[in-house]
2 protein chains.
Amino acid sequence: MNMNQIELLRVLYENGFNLSKAADRMHVVQSAVSRQLQLFEEELGSPLLTRHGKKLTGLTPLGQKVLAQTQTMQQAKKNILSIASEYKNGDTGILHIATTHTQAKYFLPKPIRRFRDKYPKVKVYIVQSSPEHLIDFLHNGEADLAICTEKVSEDGTLVVKPCYEWHHAVVMPKQHPLASGELTLERLASCPVLTYSFGFTGRSNIEKAFENSGLTLDVVLAAADTDVIKTYVRLGLGVGLIAEMAYDAVADADLVVRNLSSLIPSSVTKIAYLRQNYLPAYGRHFIEELLEAAEDINFQ
Amino acid sequence: MNMNQIELLRVLYENGFNLSKAADRMHVVQSAVSRQLQLFEEELGSPLLTRHGKKLTGLTPLGQKVLAQTQTMQQAKKNILSIASEYKNGDTGILHIATTHTQAKYFLPKPIRRFRDKYPKVKVYIVQSSPEHLIDFLHNGEADLAICTEKVSEDGTLVVKPCYEWHHAVVMPKQHPLASGELTLERLASCPVLTYSFGFTGRSNIEKAFENSGLTLDVVLAAADTDVIKTYVRLGLGVGLIAEMAYDAVADADLVVRNLSSLIPSSVTKIAYLRQNYLPAYGRHFIEELLEAAEDINFQ
DNA sequence: GGATTTTACGCATTTCGTAAGTATT
DNA sequence: AATACTTACGAAATGCGTAAAATCC
């Protein structure tokens, strides 16, 4: 068993069990990986992959379990290189942050700015995606940290730190009827509503609030992106249910914002990373920056 | 970076950073490991080991961190071989159980007997030691499971399952004054006491009970082993504070036993194993046997 | 027939072992 | 003086690439 065989299994998995593509990915010829796979299976005494004739079709039950182990091995290898690089190069490196549009635009700017002042030689790459994919990015090594509000299941492989608590707010044009009078779920339910797509930015908490009241929300437009929602609110399509921090007092001065903290359960944005993923010192400091920025919000 | 270099670091650590011994352990000549170490350090760009001249003296900070990673890599490698072996050989293998004398003698016999009936081809090796070393056995791969009452700190690397709850009891010769009348901590404190050594079989709970009452226990003999304690109780050295399940109604019929459940906090014996250690099916079934045997005790 | 995997064989690289040299205690 | 580590060099083993054959769709 050697590193290349370990890597091969993962690369095969990521490339539809296509030996030729896996060979390309690993910068060797097909015959080489074919041979290595044979040797690996021979050593283990059982096939790792299912075949139709010669063609590889998937993992055997054994292969699935072995794949899981190879992933921790490769993570450890990656960690070793990362640790060594940290010692050699000091405060240089890349931090891959998986997050959503809302966090990237309304929460991260300040902590990232402060982080960059302290660690000018560390590059910060924001990997933006839908919440359900953020954790995947952690697992497949495309991100070091995930910052998200929903879908963070604690399965023991993740370290999850609560970051800050926030509420939703409703935004609407100034002349809208909801702009005055008491705000109730009933009145909200009577309006066309624009809000986040399923799985985005606390959408599930919005659902929950209305379900508990036996009301149905009339969502006429769902978007992943607060700016899209605000754009259509301005066009008069309805009121926007957005994260409170996504309202900008200056840029959104033409809109009325009303807090929904008493109507919709608060959401908690969390920081997550793989327990087995080594975070260099600058990564840990970045988390500290996030938590400091979060305190400003939690105690405001 | 290859597997041998990874293994080398751990073997060096386990052999006092002695290259020659490490070479023996790995069944290669010294010059080979010397060269491999150089190559590894060269690849990482910094030394892993501190040196006085040519002699290796210890790990650098980098080496310490890398060692931690190499250990997870080797664990994963071990898991792969174990998984493959499980597929090839079915219900055969070895289960290494780290535990103390008390558990081995008074709790394990029944579940092990039942387990052996179901898995006759699995060998059960009991690695007996002091509680403080049991967890070490897990970490250095000498045991798959640990069964112990004390010193199980949950640091995230362990899976800890509570197994059964039990109390201490006091045993004494039949004519002893404590054999009749109300049992109190005061009366116990007035007797010479024989009990477990520090760190053994709930000894800390005994301490706690007396400390809370402001009483001092007069321990005239401490042993790791219930049978030793009972032997000296029979010689009249004092009363024995032992685990309730260590009293055998038949063999110990010459002794009086009195329950201390109202005086000394109950202890919980736990099952622990490394989260990252792959347990074959028979290992998981063994845990089930333990938990079943535990239920008989908990609900008796 | 195009794509994919396997097999065969020679070449290149890596790793090891022997042996000698250098440093440490 | 004995033990421990490094260096040098030839030998063995390992892994790769080219090319051709076999198989799949």
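Worth saying up front: this structure is predicted, and the values here are computed from it rather than measured. Letters A, B, ... are given to chains in the order of the sequence lines, protein chains preceding strands, and every chain is numbered from 1.
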B:Arg35, CZ: over 12 other non-hydrogen atoms inside 6.0 angstrom
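No, the 6.0 Å shell around CZ holds no more than 12 heavy atoms from other groups.
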Should we say atom NZ of B:Lys270 is surrounded by more than 12 heavy atoms from elsewhere, each under 6.0 Å from it?
yes
Checking only heavy atoms, does the side chain of A:Ser31 share a donor-acceptor pair with the base of D:dT18 at less than 3.5 Å?
yes
With a 3.5 Å cut-off and heavy atoms only, can you find an N or O donor on one side and an acceptor on the other between the side chain of B:Lys54 and the base of C:dT24?
no
For the pair made of [atom1] in [X] and [atom2] in [N], what is the distance, rounded to whole Å?
X: A:His27; N: D:dG17; atom1: NE2; atom2: P; value: 11 Å
X: B:Gln5; N: C:dC16; atom1: CD; atom2: C1'; value: 14 Å
X: B:Arg35; N: C:dT13; atom1: CZ; atom2: P; value: 15 Å
X: A:Glu41; N: C:dT5; atom1: CD; atom2: C1'; value: 13 Å
X: A:Leu8; N: C:dT5; atom1: CG; atom2: C1'; value: 13 Å
X: A:Met3; N: C:dT14; atom1: CE; atom2: P; value: 16 Å
X: A:Leu56; N: D:dT23; atom1: CG; atom2: P; value: 16 Å
X: B:Glu43; N: C:dT14; atom1: CD; atom2: P; value: 12 Å

Does [N] have its OP1 or OP2 closer than 4.0 Å to a side-chain nitrogen or oxygen of [X]?
X: B:Gln38; N: D:dC5; answer: no
X: A:Gln36; N: D:dT14; answer: no
X: B:Asn2; N: C:dT15; answer: yes
X: B:Ser34; N: D:dT6; answer: yes

Does the pair A:Thr50 and A:Thr57 meet the rule for a side-chain hydrogen bond (donor to acceptor under 3.5 Å, both in side chains), with working shown?
CA-CA 5 Å; A:Thr50 55; A:Thr57 56; 2.7 Å; yes
What is the distance from atom CG of B:Leu48 to atom CD1 of A:Ile80, rounded to the nearest 0.5 Å?
9.0 Å
Roughly how far apart are A:Ile6 CD1 and A:Arg10 CZ, rounded to 0.5 Å?
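Between A:Ile6 CD1 and A:Arg10 CZ, I get 11.0 Å after rounding to 0.5 Å.
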For A:Val28 and for B:Arg51, locate the closest nucleotide of DNA chain D by heavy-atom distance; then report the residue assigned to the nucleotide nearer the 5' terminus.
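Comparing both residues, the 5'-ward one is B:Arg51.
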Contact list for DNA chain D against residues 13-21 of chain B - heavy-atom distance below 4.0 Å:
B:Phe17, B:Asn18, B:Leu19, B:Ser20
From C:dT7, D:dC5, D:dG15, nucleotide with atom closest to A:Leu39 side chain:
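Among the listed nucleotides, the one closest to the side chain of A:Leu39 is D:dG15.
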Per A:Ala32 side chain, nearest of listed nucleotides C:dT5, D:dG17, D:dT7
D:dG17
Report yes or no: does A:Arg116 contribute a side-chain atom to a donor-acceptor pair with the main-chain N or O of A:Pro120 at less than 3.5 Å?
yes
Classify the ring geometry between B:Phe115 and B:Tyr282 as parallel (under 30°), tilted (30 to 60°) or perpendicular (over 60°).
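Taking B:Tyr282 first and then B:Phe115, their aromatic rings sit tilted (interplane angle of 30° to 60°).
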